[in-house]
Amino acid sequence: MNTAVEICGVKFKNPVMDASGTFGSGMEYSSMVDLNRLGAVVTKGVASVPWEGNPTPRVTETPSGMMNAIGLQNPGIDVFIKRDLEFLKKYDTNIIVNVCGHSIDEYVAVVERLSDESCVSMLEINVSCPNVRFGGIAFGTDPKLLGEVTREVKKHAKQPVIMKLSPNVTSVAEMAKAAEEAGADAISLINTITAMKIDIYRKQFVLANRTGGLSGPAIRPVAVRMVYEASHAVSIPVIGMGGITSGEDAVEFMMAGARAVAVGMYNFHKPTAMIDTIEGIEKYMKKTGIEDINDIVGCV
Ligand SMILES: Cc1cc2nc3c(=O)[nH]c(=O)nc-3n(C[C@H](O)[C@H](O)[C@H](O)COP(=O)(O)O)c2cc1C
């Protein structure tokens, strides 16, 4: 059985990785999850300087999911290179660094700092965080701005560039095309869906930020639909995510058109969720007589 996939010339031993921001850089999980078994580790978003994130409370449970408004808290690229990359280098897995910024210059600053880091396999550019106003979502909901960020980042990147798309748009196909036309090597989707929760007894928003991003199984059917629409609009590879909990969920995303998949919120619920997903894919392949996982990509 073959579970290996290739995206932009990068070989993955299997199509399973974590969704940025739900696995740190793997340090805290590494006593429970053998990182060598993962197709890739995708890091939490990193910026050119440290970001404190939003005021608390910034996470809350929802039916079949959670909302977060972390606001991309991160230690900045200097600490990240010394601490997180040094840690990750020890493992036999791909490293995908998720990049955030408030402006095109800030994205480019991070991308330039990473250009000499040969251990980094790919860059994922987060233009879709609903919890930061400038940068994040503003770039991910306007095809013209998305194109501009993509073009600038591509000028400076040495690694293949994945543009991470937002579901908070009317046409995800249009955004996928804008990224492809501007030179993106791949796209990933979906980021979280903008949501709100009110505490009716305190007559207050539950999250200090008022709104947050919804993730987890509740968003899976939306994510599958968007992965299908995006992957049919472009010819570059698509990485699918949104509510994946098992191998069967991963197979669903791959049939919709994803070349690889990411497990996000479910890592909080069950730290071994990615290993379960890898084993679940193999079990599905055995049960249904599929020899090569690539044969199911976009088969519906
Ligand atoms: C707590 C939390 C933090 C996140 N941080 C990031 C981030 O730093 N960069 C990013 O691109 N996406 C971030 N995301 C979005 C996830 O990577 C993913 O796109 C989304 O949660 C949908 O997948 P899921 O339903 O499996 O969680 C975050 C999600 C959560 C729940």
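Counting starts at 1 for both ligands and their atoms, following the listed order. Residue indices begin at 1 and follow the sequence shown.
By heavy-atom distance, the residue among Val263, Val46, Ile125, Thr192 lying nearest atom 20 (C) of ligand 1 is Thr192.
Among all protein heavy atoms, the one lying closest to atom 8 (O) of ligand 1 is Lys44 NZ, 3.0 Å. At the shortest separation from atom 21 (O) of ligand 1 among protein heavy atoms lies Ser215 CB, 3.3 Å. From the protein, the heavy atom lying nearest to atom 3 (C) of ligand 1 is Gly21 O, 3.4 Å. At the top of the distance list for atom 10 (C) of ligand 1, counting protein heavy atoms only, stands Asn126 ND2, 3.3 Å. Given atom 2 (C) of ligand 1, the protein heavy atom at minimum distance is Asn68 ND2, 3.5 Å. Nearest protein heavy-atom neighbour of atom 24 (P) of ligand 1: Gly243 N, 3.4 Å. Protein heavy atom closest to atom 13 (C) of ligand 1, with residue, atom name and distance, is Ser20 O, 3.0 Å. The protein atom (non-hydrogen) at minimum distance from atom 12 (N) of ligand 1 is Lys164 NZ, 3.1 Å.
Ligand 1 has a nitrogen or oxygen under 3.5 angstrom from a nitrogen or oxygen of Met265. In terms of N/O distances under 3.5 Å, ligand 1 is approached by Gly216. For a threshold of 3.5 Å applied to N or O pairs, the pair formed by Asn98 and ligand 1 contains at least one separation below that value. Geometrically, ligand 1 and Met66 share no nitrogen or oxygen pair separated by less than 3.5 Å.
Both the backbone and the side chain of Asn191 come within 4.0 Å of ligand 1, counting heavy atoms alone. Residue Leu72 touches ligand 1 through its side chain alone, judged by heavy-atom distances below 4.0 Å. Contact annotation: for Ile190 versus ligand 1, heavy atoms closer than 4.0 Å belong to the backbone alone.
Closest heavy-atom contact between Ser25 and Asp84: OG-OD2, 2.7 Å.
The closest side-chain donor-acceptor pair between Asn126 and Ser128 falls under 3.5 angstrom. Side-chain polar atoms of Lys197 and Thr60 form a donor-acceptor pair below 3.5 angstrom. Residues Thr3 and Asn14 bring no donor and acceptor atom of their side chains to less than 3.5 Å of each other. Between the side chains of Thr194 and Asn168, a donor-acceptor pair is found at a separation under 3.5 Å. Using a 3.5 Å distance cut-off with no hydrogens or angles, the side chains of Thr22 and Asp18 do not pair a donor with an acceptor.
The environment of Glu117 atom CD is dense: over 12 non-hydrogen atoms of other residues, nucleotides or ligands sit within 6.0 angstrom. Within 6.0 Å of the NZ atom in Lys90, the count of heavy atoms belonging to other residues, nucleotides or ligands exceeds 12. Atom CD of Glu248 has 12 or fewer heavy atoms from other residues, nucleotides or ligands within 6.0 Å. Atom CZ of Arg210 has 12 or fewer neighbouring heavy atoms from other residues, nucleotides or ligands inside a 6.0 Å radius.
Each side chain to side chain donor-acceptor pair (under 3.5 Å) pair with one or both residues in residues 173-190, not counting sequence neighbours, appears once here: Glu124-Ser188, Lys154-Asp185, Glu180-Ser235.
For ligand 1, the atoms sitting less than 4.0 Å from at least one non-hydrogen atom of Gly264 are 24 (P), 26 (O), 27 (O), numbered in the order shown with element in parentheses. The ligand atoms of ligand 1 that sit less than 4.0 angstrom from a heavy atom of Gly45 are 8 (O).
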